[in-house]
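Naming convention: chains lettered A, B, ... in sequence-line order (proteins, then strands); numbering from 1 in each chain.
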2 protein chains.
Amino acid sequence: MTNPRSKPSLTSAQDRFIATWGQMGSTWGISRTMAEVHALLFISGRALCTDDVMERLEISRGNASMSLRALVDWGVVHRAHKRGDRKEYFEAAGDVWTMLQAILRERMKREIHPALASLAEIRDETRTTGEGVDEHNQRLDDMIALLRLFDEMGSKLLALDAQVMKETAETLVGGMDFQSGSPAS
Amino acid sequence: MTNPRSKPSLTSAQDRFIATWGQMGSTWGISRTMAEVHALLFISGRALCTDDVMERLEISRGNASMSLRALVDWGVVHRAHKRGDRKEYFEAAGDVWTMLQAILRERMKREIHPALASLAEIRDETRTTGEGVDEHNQRLDDMIALLRLFDEMGSKLLALDAQVMKETAETLVGGMDFQSGSPAS
DNA sequence: ATCGACTTTCAGAAAAAAGTGAAAAATGGA
DNA sequence: TCCATTTTTCACTTTTTTCTGAAAGTCGAT
C-alpha cells in the first residue's frame with residue numbers, strides 16, 4: 001500500500017471520481033484542487049481532517065487549508081468537530097441538491113449580479129449621453145434581459161428547499177416535451 | 001484618437017461592455033480574450049475582419065486568429081465575406097437566444113457528457129467488483145442522476161428554436177412561484 | 001502565563017495558461 | 001502557374017494562477 005498507483009484496485013475508482021470532478025470544476029472557474037478536495041469529502045461521506053486531505057491528495061498543508069476554507073466560504077462544506085479531538089474536521093453537504101444550491105448561490109453572487117449591475121450602468125450611461133446607435137442599445141438590452149432572467153430563475157431555485165427543488169427539476173424535465181419548431185441538431 | 005484611454009468618451013461604454021463580458025467569460029472557462037472578441041462582435045452588430053479586431057482590442061494577429069477560430073468552432077460566430085474583398089469577416093449571432101443555445105450545446109458536449117460517461121464507467125466498475133461501501137455508491141448515483149437531469153434539460157432546450165426558447169424561459173420564470181418550504185436566504 | 005496541538009498566512013517557487021510575431025501555408029485572381 | 005494577399009501555426013515569451021513550506025497565529029488546557 002506504499003504506492004497507491006501500483007495497481008488499479010480499491011482506491012482506483014475513487015481516484016477517478018476525484019479526478020473527473022476536479023476536471024469538471026476547473027472548467028467552471030473553480031480551481032482543480034478545490035474541486036478535488038470537495039470530491040474527496042463528498043465521496044467519502046464522512047468528516048475528514050486537514051491531514052487526511054493532505055495525505056490522500058498529496059498536497060501541502062497550506063493548499064489544503066486554503067482549499068478547505070474556500071469550500072466553507074462557498075457553503076458546500078462545513079466544519080465538524082469530534083469530542084476529545086482538537087482537530088477540525090470537514091464534511092460535504094450530503095445531498096446533491098443542497099450542494100447545487102450552495103454552488104448556485106455563490107455563482108449568482110459572484111457572476112450574475114456584478115455583470116448585471118455593470119451592464120445596467122453602461123446602458124444608463126449610454127441612454128443619458130444619447131451615445132450609441134439604436135442597434136447597440138437593443139443588443140445591450142437583450143443581454144440585460146437574459147441575465148435578469150437567469151437572476152430570477154436562480155432566486156426562485158434558491159427559495160425552494162432541496163426536496164422541492166429536486167421534484168421541481170424532475171417535473172420540468174418531464175413536462176418539457178412540447179414539440180418545437182425545429183429539431184435538435 | 002491616438003490614445004483611446006485619454007477620455008471617457010464615445011468608445012468608453014463599449015469598452016466597458018467588452019471588459020465586463022470578458023470578465024464573465026473568464027469565470028466560465030472561456031479565455032478572457034475570446035470572450036472579449038465575442039463581446040466586440042456582438043456589440044458591433046456587424047461583421048469585422050481580423051485587423052479590426054486586432055486594432056480594437058490591441059492583440060496580436062495570432063491571438064486574434066486563434067480566438068476567432070475558436071468562436072467559430074463554438075458556433076457563436078460565423079464567417080462572412082464581402083464581395084470584392086478577399087479578407088474574411090466575422091459576425092456574432094445577432095440573437096441572444098441563438099447565442100445561448102450555441103454556448104449550451106458546446107458546454108454540454110465538453111463538460112456534461114464526458115463527466116457523465118466517466119462517472120457511469122466508475123459506477124459500473126464499482127458495481128462489478130463489488131468494491132466500495134453502499135453509501136459511496138449512493139453518492140455516485142446521486143451525482144449521476146443530477147448530471148443526467150442537466151443533460152436532459154439541455155437536450156430539450158436545444159431542441160427548441162430560439163423564439164420558443166425565449167418564451168419557454170419566460171413562462172418558466174413566471175410560473176415558478178409555487179410557495180416553498182423555506183425562504184430564500 | 002506558558003505549552004503544545006493545530007491552523008492560517010504569505011513570500012517566493014513552480015506550473016499552467018495566454019499572447020506574440022514571424023515563418024509557413026493557404027487562397028484566389030491574373 | 002505565379003504572385004500578392006490573407007490566414008494559420010507554433011516556438012518562444014510573458015502573465016497569471018496555483019502550490020509550497022516554514023513562520024506566525026490561535027486556542028484550550030494546565
Discussion item. For A:D142 and B:K166: C-alpha separation, side-chain torsions, deciding distance, then whether salt bridge (Lys or Arg N to Asp or Glu O under 4.0 Å) applies.
Written reply: CA-CA 11 Å; A:D142 287 350; B:K166 176 184 167 136; 5.8 Å; no
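Using modelled atom types, one side-chain atom of A:R139 and one backbone atom of B:F42 make a donor-acceptor pair closer than 3.5 Å. Looking at B:E36, its side chain never comes within 3.5 Å of a backbone N or O of B:L57 through a donor-acceptor pair. Remark: the backbone N or O of A:Q23 is paired with a side-chain donor or acceptor of A:S26 at under 3.5 angstrom.
The span of DNA chain D lying next to chain A, judged by atoms under 4.0 Å from heavy atoms, is bounded 5' to 3' by D:dT18 to D:dC27.
The interatomic distance linking A:H81 (NE2) with C:dA5 (P) rounds to 19 Å, in whole Å. Rounded to whole Å, the distance from CG on A:L71 to P on C:dT8 is 13 Å.
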Under 3.5 Å, sequence neighbours excluded: what are the donor-acceptor pairs made by side chains of residues 107-117 of chain A?
from: A:R107; atom 1: NH1; to: A:W28; atom 2: O; distance (Å): 2.5
from: A:R107; atom 1: NH2; to: A:E111; atom 2: OE1; distance (Å): 3.1
from: A:R107; atom 1: NH2; to: B:T27; atom 2: O; distance (Å): 3.3
from: A:R110; atom 1: NE; to: A:E106; atom 2: OE2; distance (Å): 3.1
from: A:R110; atom 1: NH2; to: A:E106; atom 2: OE2; distance (Å): 3.0
from: A:E111; atom 1: OE1; to: B:W28; atom 2: NE1; distance (Å): 3.2
from: A:H113; atom 1: NE2; to: A:D151; atom 2: OD1; distance (Å): 2.9

Side chains of residues 80-89 of chain A: which donor-acceptor partners sit under 3.5 Å, not counting sequence neighbours?
from: A:D85; atom 1: OD1; to: A:K87; atom 2: N; distance (Å): 2.9
from: A:D85; atom 1: OD2; to: A:Y89; atom 2: OH; distance (Å): 2.7
from: A:E88; atom 1: OE1; to: A:R79; atom 2: NH1; distance (Å): 3.2
from: A:E88; atom 1: OE2; to: A:R79; atom 2: NH1; distance (Å): 3.1

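Clustering ILVMFWY residues whenever any of their side-chain heavy atoms sit less than 4.5 angstrom apart, transitively, puts B:V96 in the very cluster that holds B:L160.
Shown for residues 38-47 of chain B: no residue has heavy atoms falling under 4.0 angstrom of DNA chain D.
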Item to complete: Sugar-phosphate means primed atoms, P, OP1 and OP2; the rest is base. With that split, encode nucleotides 19-30 of chain C 5' to 3' as B, S or - using protein heavy atoms under 4.0 Å.
Response: SBB-----BB--
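The existence of a salt bridge linking A:R61 and A:D51 is confirmed by a sub-4.0 Å separation between a basic side-chain nitrogen and an acidic carboxylate oxygen. Salt bridge status for B:D52 with B:R46: absent, with no side-chain N to carboxylate O gap under 4.0 Å.
Applying the side-chain contact (heavy atoms from CB on, under 4.5 Å) criterion to B:A93, with sequence neighbours excluded, gives B:T98.
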